[in-house]
Protein chains: 2
Amino acid sequence: MIEQLLKDKRLRLTSFRKEVLQVFMDNDKAIAVSDIEDALNDFDRITLYRTIKSFIEKGLIHEIVMPGDVKKLALCPTECHHEAGAHEHSHVHFQCKKCKEIFCVDVPALPKISLPNYQIDEIEIQAHGFCAGCR
Amino acid sequence: MIEQLLKDKRLRLTSFRKEVLQVFMDNDKAIAVSDIEDALNDFDRITLYRTIKSFIEKGLIHEIVMPGDVKKLALCPTECHHEAGAHEHSHVHFQCKKCKEIFCVDVPALPKISLPNYQIDEIEIQAHGFCAGCR
DNA sequence: TCATATTTGCAATATTGTTGCATTTAAATA
DNA sequence: TATTTAAATGCAACAATATTGCAAATATGA
């Protein structure tokens with residue numbers, strides 16, 4: 001449960017962190033900072049930004065960015081590794097062209113690709129199409 | 001050449017647009033708005049933002065975003081299609097972990113992936129590793 | 001060359017995120 | 001349980017990035 005998740009990531013248990021984490025648990029899709037703000041009734045914006053930053057640093061959540069000023073956040077899968085600069089996922093970031101929502105979809109394995117002149121260590125896949133509800 | 005590129009995209013030929021487009025031509029990697037600003041000696045910031053926006057709308061350049069507030073711009077390949085919401089690339093966005101530069105690398109074909117419950121129309125791949133110069 | 005729609009440049013403003021610092025709080029220790 | 005201390009919070013100020021409205025300037029088609 002929520003408290004254990006924070007403990008596992010060595011994050012101090014504060015009521016604000018529990019509230020923020022609850023918002024993530026309540027969503028099955030990636031959410032924007034503004035979605036978190038809407039879900040909280042009374043909060044300090046600076047503290048929220050710092051909370052998000054520490055959640056990211058500890059590998060509790062990850063950031064998803066897409067062209068067009070789309071910045072979202074989503075819970076990491078529990079076995080998620082966090083490395084400097086890049087984030088190792090075994091999932092795909094999918095954006096629905098209709099509802100615009102972004103989902104993290106687990107995949108068994110990512111395809112390997114190789115390029116001349118570039119050594120690829122990690123890849124991230126962003127897919128666009130239609131989700132089950134919008135198809 | 002530069003003027004033809006603008007004409008092809010039905011963008012009016014203004015000296016400012018030619019200057020901005022020249023900055024893109026001078027670079028083999030993706031550039032940030034600040035890189036354009038540095039390359040221009042005297043300019044209006046608002047006009048630059050609008051120029052970038054119209055270049056993107058007409059499919060002359062495209063936006064590349066990566067986690068960590070990295071937003072860059074790069075010329076589209078000439079056969080580039082532009083669709084609402086997503087941008088069809090047959091190239092990979094590669095970021096070097098050492099020099100941090102982002103390159104658009106053409107690939108013959110992107111791997112096809114499929115997910116249950118999601119209909120994938122386009123995918124974009126973001127790769128991290130080391131470029132030829134930093135390896 | 002003229003008419004017109006587009007582009008530019010300026011001012012004001014919005015959005016998003018950060019830093020410094022004093023206060024409060026969680027959790028480790030006695 | 002009481003005490004200590006390092007981390008987290010809340011406030012003020014600020015920084016970076018981007019947008020809107022509007023008048024003046026300019027590119028292009030007739």
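Convention: sequence-line order gives letters A, B, ...; per-chain numbering from 1.
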(message) Please give me every residue in residues 19-26 of chain B whose heavy atoms get under 4.0 Å of an atom in DNA chain D, ordered by residue number.
(response) none

(message) Below 4.0 angstrom, which residues in residues 32-42 of chain B have at least one non-hydrogen atom near DNA chain D?
(response) none

Determine the minimum heavy-atom distance between [X] and [Y], stating which atoms define it.
X	Y	answer
A:Ser54	A:Thr51	OG-O, 3.0 Å
A:Cys99	A:Cys134	CB-SG, 3.6 Å
A:Cys96	A:Cys131	SG-N, 3.5 Å
A:Pro111	A:Ile123	O-CD1, 3.1 Å
B:Ser114	B:Ile120	CA-CD1, 4.4 Å

(request) Name all residues meeting the ring pair (Phe, Tyr, Trp, His ring centres under 6.0 Å) criterion together with B:Phe55; count only those two or more places apart in sequence or in a different chain, and write none if there are none. (result) none

Rounded to the Å, how far apart are [X] [atom1] and [N] [atom2]?
X	N	atom1	atom2	answer
A:Leu6	D:dA7	CG	P	17 Å
A:Lys72	C:dT16	NZ	C1'	16 Å
B:Lys18	C:dT8	NZ	C1'	15 Å
B:Tyr49	C:dT8	OH	P	16 Å
A:Ile52	C:dT16	CD1	C1'	11 Å

(request) For residues B:His93 and B:His62, establish whether the separation of their ring centroids is below 6.0 Å. (result) yes

Under 3.5 Å, N/O pairs linking protein and nucleotides 9-15 of chain C:
{"from": "C:dG9", "atom 1": "N7", "to": "B:Arg50", "atom 2": "NH2", "distance (Å)": "3.1"}
{"from": "C:dG9", "atom 1": "O6", "to": "B:Arg50", "atom 2": "NH2", "distance (Å)": "2.5"}
{"from": "C:dC10", "atom 1": "N4", "to": "B:Arg50", "atom 2": "NH2", "distance (Å)": "3.4"}

Validation: residues 31-38 of chain A side-chain donor-acceptor distances under 3.5 Å, sequence neighbours left out:
{"from": "A:Asp35", "atom 1": "OD2", "to": "A:Ala32", "atom 2": "N", "distance (Å)": "2.8"}

Answer yes or no: is there a side-chain heavy-atom contact under 4.5 Å between [X] and [Y]?
X	Y	result
A:His91	A:Pro77	yes
B:Val92	B:Leu110	yes
B:Ile125	A:Glu124	no

Which protein N or O atoms sit under 3.5 Å from an N or O of nucleotides 25-30 of chain D?
{"from": "D:dT28", "atom 1": "OP1", "to": "B:Leu13", "atom 2": "N", "distance (Å)": "2.7"}

(request) Please list all pairs passing the ring-ring contact (aromatic ring centres under 6.0 Å, His included) test where one or both residues lie in residues 100-119 of chain A, with sequence neighbours left out. (result) A:Phe103-B:Tyr118, A:Tyr118-B:Phe94, A:Tyr118-B:Phe103

(message) Can you pull out every ring-ring contact (aromatic ring centres under 6.0 Å, His included) where at least one residue sits in residues 1-45 of chain A? Sequence neighbours excluded, please.
(response) none

(message) Under the rule for side chain to side chain donor-acceptor pair (under 3.5 Å), what residues qualify as partners of A:Asp28, not counting sequence neighbours?
(response) none

(request) For A:Arg10 and for B:Lys71, find the nucleotide of DNA chain D with the closest heavy atom, then tell me which residue's nucleotide is more 5'. (result) A:Arg10

(message) Through direct or indirect side-chain contacts below 4.5 angstrom among Ile, Leu, Val, Met, Phe, Trp and Tyr, which residues connect to A:Val65?
(response) B:Val65

(request) Take the C1' atoms of the five end pairs on each side of the helix from C:dT1-D:dA30 to C:dA30-D:dT1, derive the two axes, and give their angle rounded to 10 degrees. (result) 40°

Polar-atom pairs under 3.5 Å, protein N or O versus N or O of nucleotides 2-4 of chain D: list them with distances, or write none.
none

(request) Working to the nearest 0.5 Å, report the span between NZ of B:Lys71 and CG of B:Asp69. (result) 9.5 Å

(request) Report the residue from A:Lys97, A:His128, A:Gln95 that forms a side chain to side chain donor-acceptor pair (under 3.5 Å) with B:Glu122. (result) A:Lys97

(request) Could you walk me through whether B:Ile64 and B:Cys104 pass the side chain to side chain contact (heavy atoms under 4.5 Å, CB included) test, one step at a time? (result) CA-CA 9 Å; B:Ile64 303 163; B:Cys104 296; 3.6 Å; yes

